[in-house]
Participant: 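Please read through the structure below; I'll follow up with questions.
Note on naming: letters A, B, ... go to the chains in the order of the sequence lines (proteins, then strands), and numbering restarts at 1 for each one.
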There are 2 protein chains.
Amino acid sequence: MPKPAADRALSLQLGVDRSSPVPLYFQLAQQLESAIEKGRLAPGTLLGNEIDLAQRLGLSRPTVRQAIQSLVDKGLLVRRRGVGTQVVHSQVKRPLELSSLYDDLEAAGQRPATRVLGNTLEPATAEVAAALGVAEGDEVRRIERLRLAHGEPMAYLRNHLPAGPLAMADAELQATGLYRLMRSAGITLHSARQSVGARAADAVEGERLGEPAGAPLLTMERVTFDDTGRAVEFGSHVYRASRYSFEFQLLVRP
Amino acid sequence: MPKPAADRALSLQLGVDRSSPVPLYFQLAQQLESAIEKGRLAPGTLLGNEIDLAQRLGLSRPTVRQAIQSLVDKGLLVRRRGVGTQVVHSQVKRPLELSSLYDDLEAAGQRPATRVLGNTLEPATAEVAAALGVAEGDEVRRIERLRLAHGEPMAYLRNHLPAGPLAMADAELQATGLYRLMRSAGITLHSARQSVGARAADAVEGERLGEPAGAPLLTMERVTFDDTGRAVEFGSHVYRASRYSFEFQLLVRP
DNA sequence: GAGGTTCGATTGTCCGGACAAAGGATTGAC
DNA sequence: GTCAATCCTTTGTCCGGACAATCGAACCTC
């Protein structure tokens, strides 16, 4: 019986540019990722063994492995010893990044807008001081915003930042998200602790968000740290449950 | 002025066992992680350069790098070219795993219990069929459970699984979590798509969970995939917002 | 003293090779 | 035919080395 042609990714027009400053493994990873995304590498396809792949590309095996490993970490590929590397068969989107609501809405095609309700310096309450790791009474910046999509209120956002050198103009806060502002101010975000819950709206919250009192709200508290481990932001947000939910994908750590 | 002694991790009693079947890089990573966890490596400490570290341990630099890299991926270390590798300065816990409520409660010291309300085979509705990727009307297993902690209801869990060979005895479902059962049945979980929202309880839900009608509930829908990309579970859960919230930590992808 | 320059330290990338371990397929024994 | 032993393929781990890119600090110039 003639063996069916192996389900391999042979002619994919892969190739790297050695004069580019982009690392070789990264170039390869990008090409593979794009091939998977565009369907040129169908789910379930075997990638072909690493040694051949390296030889055909004129790369060493460690370089090819590094490229493959990065896609395994993203959940796009699966390796099995003795079998090979296979394109994962499912709808992988984004494995839950630390994203701002602004960027999320923008990516979803909603047109986000921000109404700045407050932007002041004030002494830290006990709760804020504990979250940010500063002394109670220290000056912190308090920002209150209403986030809208298509003109409809979506969420009420309250943030506290350590009163650092970075000035936050209301105009900037209206035009973009807080995270983008912080990043462009040279802060490298590293990790965040989040807590997601629900509660009923009180009268004031209902008024702000256009919901009746008692309506269910989705709440999210978050403390964000930079790579030195200092807290750089404490957010306390409420979302209209009727109009918003958190969607994300997560991977199992092997 | 005498320069203060470099804040280095020198004498840490690191060492690997070459006769062990555990990979060397993994042994080293474990030792470093435990040293960080136990405070023997204080936040901010420089790890010392990779070459020396390798030489002192009798390892090659790639092996040491692999160990360090795995901790960087976990968010415990930060690397900076020209500077060194530093212990991250913050409270890193768990970067959001695909965990079951049962395990979460158990780890938190709550004593979880399960009341199995239903465990039947029935034809898939359109919604379930779409989530699991089977044909409408195909037989699927429907499991309904009430999860309790300290005797109090915490959540109502409804799951649908493809009607595979794996039999689910009520006794097993009572004693442990669904994920643990699936794993021990040889299913390798790979990724999941989740959606977290909130809504008001209706009368039936309120009754089941011991909340008044209209109380805010936290909802979570999840489709879990194995490493071949097939959906292996569709869950539709509601939690008492007054007693439960999702807590997790997430890292920024560089 | 202020500012730019050079230099050492450290990680980032890449190479080529070697052997071990696991999974699947083939072969052989019964 | 069924089951176990064997072989082959493929990834996993590990080594040693080389050069480039980046950061911080010391140094020098003005």
Participant: How many whole angstroms separate atom CG of B/D52 from atom P of C/dA9?
Facilitator: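 Those two atoms, CG and P, are 11 Å apart.
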
Participant: Within this structure, what is the CG-to-C1' distance between A/N49 and C/dG24, rounded to whole angstrom?
Facilitator: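 Atom-to-atom, A/N49 to C/dG24, this comes out as 15 Å.
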
Participant: In whole Å, I'd like the distance from the CD atom of A/Q55 to the C1' atom of D/dT10.
Facilitator: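 In whole Å, D/dT10 C1' and A/Q55 CD are 15 Å from each other.
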
Participant: Would you indicate whether the side-chain heavy atoms of B/Y179 and B/E233 approach each other to under 4.5 Å?
Facilitator: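 Yes, their side chains come closer than 4.5 Å.
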
Participant: Scan side-chain atoms only and decide if A/R145 and A/N119 contain a donor-acceptor pair under the 3.5 Å cut-off.
Facilitator: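 No, no side-chain donor-acceptor contact under 3.5 Å.
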
Participant: Looking at A/E221 and A/R193, is there a salt bridge between them, counting it only when a charged N and a carboxylate O are closer than 4.0 Å?
Facilitator: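 Judged by the 4.0 Å cut-off on N to carboxylate O distance, A/R193 and A/E221 do not form a salt bridge.
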
Participant: To the nearest Å, give me how far apart CZ (B/R80) and P (C/dG12) are.
Facilitator: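 Distance, rounded to whole Å: 12 Å.
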
Participant: What's the CD1-P distance between B/I51 and C/dG12, to the nearest Å?
Facilitator: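 Atom-to-atom, B/I51 to C/dG12, this comes out as 12 Å.
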
Participant: CZ of A/R79 versus P of D/dT11: gap in Å, rounded?
Facilitator: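 The distance from CZ of A/R79 to P of D/dT11 comes to 8 Å, rounded to the nearest Å.
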
Participant: Can you give me the N/O atom pairs linking the protein to nucleotides 13-17 of chain D at distances under 3.5 Å, or say none if there are none?
Facilitator:
from: D/dT13; atom 1: OP1; to: B/Y25; atom 2: OH; distance (Å): 3.1
from: D/dT13; atom 1: O4; to: A/R61; atom 2: NH1; distance (Å): 3.4
from: D/dC14; atom 1: OP1; to: B/L24; atom 2: N; distance (Å): 2.3
from: D/dC14; atom 1: OP2; to: B/L24; atom 2: N; distance (Å): 3.4
from: D/dC14; atom 1: OP2; to: B/Y25; atom 2: N; distance (Å): 3.2
from: D/dC15; atom 1: OP1; to: B/R18; atom 2: NH2; distance (Å): 2.7
from: D/dC15; atom 1: OP2; to: B/S60; atom 2: N; distance (Å): 3.0
from: D/dC15; atom 1: OP2; to: B/S60; atom 2: OG; distance (Å): 2.9
from: D/dC15; atom 1: OP2; to: B/T63; atom 2: OG1; distance (Å): 2.5

Participant: Pairing donors with acceptors under 3.5 angstrom, does anything connect the side chains of A/R61 and A/Q55?
Facilitator: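 Looking only at side-chain atoms, A/Q55 and A/R61 do not form any donor-acceptor pair under 3.5 Å.
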
Participant: Strictly by modelled atom types, are B/T188 and B/D226 linked by a side-chain donor-acceptor pair under 3.5 Å?
Facilitator: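 Checked: B/T188/B/D226 side chains show no N/O donor-acceptor pair below 3.5 Å.
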
Participant: Rounded at 0.5 Å granularity, tell me how far CZ in A/R141 sits from CG in A/L121.
Facilitator: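 Those atoms lie 4.5 Å apart.
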
Participant: Would A/L161 and A/V140 count as a side chain to side chain contact (heavy atoms under 4.5 Å, CB included) here? Give the steps.
Facilitator: CA-CA 6 Å; A/L161 323 194; A/V140 294; over 6 Å; no

Participant: List the residues meeting ring-ring contact (aromatic ring centres under 6.0 Å, His included) with A/F246, not counting sequence neighbours, and say none if there are none.
Facilitator: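 Here the qualifying residues are A/Y239, A/Y244.
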
Participant: Whole angstrom is fine here: how far is it from CG in A/L53 over to P in D/dT9?
Facilitator: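 About 18 Å, once rounded to whole Å.
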
Participant: So how far off straight is the helix from C/dG1-D/dC30 to C/dC30-D/dG1, going by the axes through five pairs at either end, to 10°?
Facilitator: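 If I round to tens, the end axes sit 0° apart.
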
Participant: Kindly determine whether B/R79 and B/Q86 satisfy side-chain hydrogen bond (donor to acceptor under 3.5 Å, both in side chains), including the steps that lead there.
Facilitator: CA-CA 6 Å; B/R79 294 212 240 223; B/Q86 219 171 353; over 6 Å; no

Participant: Grab the CD-C1' distance between A/E50 and D/dT9 for me, whole Å please.
Facilitator: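 Answer to the nearest Å: 12 Å.
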
